[in-house]
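These notes concern the structure reproduced below.
Reminder, nothing fancy here: chain letters follow the sequence lines and each chain counts from 1. Atoms considered below: every heavy atom in the structure, side chains included; atoms not considered: hydrogens, waters and symmetry mates.
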Amino acid sequence: MGKAKLLPRRFYAEAPDVVARGLLGKVLARRLDGEWLTGRIVETEAYFGKDDPAAHAYVGKTERNAVLFGPPGHVYVYFIYGMHWCLNVSCEPDGTPGGVLIRAMEPLEGLETMARLRGTANRKLLAAGPGRLCQALGITRKGQNGIDVTDRGSDVQIWDDRTKPGRIMTTPRIGIKKAVDRPHRYLIAGSGYVSG
DNA sequence: GGAGCGATGTCCT
DNA sequence: GGACATCGCTCCG
């Protein structure tokens, strides 16, 4: 990735909406069996703590959501609807809960492996949606929960390759039943790789 | 192409 | 026991 830079921890030590916006256009990299699978992040959602009934952290710290309360820049993976995994990155300073759900990416490298894991070769459907993205990258709670994305030795990292995202759109979050009116979903307008 | 719905495991009440 | 930050299939038009 040429002049790309690994995003530093301070990037994540901000409010979830700031980090969610900032992650658009960045490159998500996942090392699976020695191969790097990468994609450009095109859709994210911000989840706060107290005051955000839709957030997992809202109920307080539990064994499941503990990563959200820890230091910024760590992977939080949870299981939903009996069959899907979802990838988040913790933000806010250590002790303050918050996270960003990574909902979709434009696949860049490792397309064949992603297609095999997903069971489809349709590039637009490889990682359009949080469940699909995790399936394409082989991400599970047991395997990746708690990983530090700012460590060069990690199997999940996020890079800035200096590509400017296009126009950023803001909408309400998807699939939730509480706080449905808050505009905390961010996406790159016109991208063919977003969900919904 | 869009609405409806079943699948299915884990966590918290 | 019920809710759940989803997905892909069916059925209808």
Side-chain angles (χ1 to χ4, degrees), chain A residues 12 15-24 28 30 39 41-70 72 74-92 96-107 114-147 149 156 158 168-188 191-196:
Chain A
Y12 302 97
D17 50 346
V18 174
V19 178
R21 269 183 167 272
L23 283 177
L24 292 179
L28 176 61
R30 154 78 165 134
I41 297 169
V42 297
E43 179 182 348
T44 58
E45 284 181 358
Y47 285 89
F48 299 77
K50 193 161 83 77
D51 302 332
D52 185 4
H56 287 185
Y58 182 70
V59 297
K61 187 174 177 179
T62 66
E63 190 175 346
R64 175 175 72 149
N65 67 20
V67 172
L68 294 174
F69 289 77
H74 288 254
V75 167
Y76 167 54
V77 182
Y78 67 90
F79 190 61
I80 193 69
Y81 295 122
M83 66 194 93
H84 302 293
W85 300 98
C86 293
L87 171 68
N88 297 248
V89 180
S90 64
C91 41
E92 299 275 23
T96 303
V100 172
L101 171 67
I102 301 183
R103 288 191 56 91
M105 69 176 190
E106 173 187 349
M114 290 190 226
R116 176 170 56 77
L117 292 171
R118 284 277 298 120
T120 176
N122 185 338
R123 190 171 173 189
K124 305 225 180 225
L125 290 180
L126 285 183
R132 290 164 174 163
L133 184 145
C134 281
Q135 189 178 28
L137 298 179
I139 286 174
T140 63
R141 178 174 174 89
K142 193 175 177 186
Q144 281 71 47
N145 192 58
I147 283 182
V149 300
V156 180
I158 305 179
I168 295 176
M169 262 179 68
T170 304
T171 80
R173 293 172 292 187
I174 302 251
I176 57 173
K177 295 209 170 61
K178 300 167 194 158
V180 294
D181 52 324
R182 300 190 199 175
H184 295 320
R185 173 174 177 247
Y186 303 94
L187 52 97
I188 297 180
S191 167
Y193 298 90
V194 298
S195 72

How does DNA chain C look in dot-bracket notation if pairs are Watson-Crick or G-U with both distances under 3.5 Å, crossing ones as [ ], other-strand ones as |?
-> ||||.|||||||.
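Taken to the nearest 0.5 Å, the NE2 atom of A:H56 stands 8.5 Å off from the CG atom of A:L68.
For the residue pair A:A104 and A:Y193, the shortest heavy atom distance occurs at CB-O, 3.4 Å.
In this structure, A:Q135 and A:L68 both approach DNA chain C, and ranking their closest nucleotides by distance from the 5' end singles out A:L68.
Of the candidates A:L126, A:L87, A:L101, A:L87 is the only one forming a side-chain contact (heavy atoms from CB on, under 4.5 Å) with A:L133.
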Nucleotide-resolved protein contact map, nucleotides 6-13 of chain B, B/S/- at heavy-atom distance under 4.0 Å = -BBBSSS-
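Side-chain contact between A:Y12 and A:I158 is present, with heavy atoms from C-beta onward closer than 4.5 Å. Contact annotation: the side chain of A:T44 approaches that of A:L24 to within less than 4.5 Å [non-hydrogen atoms, C-beta and beyond].
Applying a 4.0 Å cut-off to non-hydrogen atoms, the residues of residues 174-187 of chain A that approach DNA chain C are A:I174, A:G175, A:I176, A:K177, A:K178, listed by residue number.
Side-chain contact check for A:S195 and A:E43: at least one donor-acceptor pair (N or O, by modelled atom type) lies under 3.5 Å.
For residues 123-142 of chain A, the side chain to side chain donor-acceptor pair (under 3.5 Å) pairs, not counting sequence neighbours, are A:R118-A:Q135.
Taking the six-membered ring for Trp and thresholds of 30 and 60 degrees, A:F79 and A:W85 have ring planes inclined between 30 and 60 degrees apart. Between A:H184 and A:F48, the angle of the ring planes lies from 30° to 60°, which puts this pair in the tilted group.
Of all nucleotides in DNA chain C, those with any atom nearer than 4.0 Å to a heavy atom of chain A start and finish, going 5' to 3', at C:dC4 to C:dG8.
Salt-bridge annotation for A:R182 and A:D17: absent, with no side-chain N of the basic residue lying under 4.0 Å from a carboxylate O of the acidic one.
Here A:E45 pairs with A:R103 under the salt bridge (charged side-chain N to carboxylate O under 4.0 Å, His left out) rule; sequence neighbours left out.
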Assess whether side-chain contact (heavy atoms from CB on, under 4.5 Å) is satisfied between A:Y76 and A:V89, documenting all intermediate values.
-> CA-CA 6 Å; A:Y76 167 54; A:V89 180; over 6 Å; no
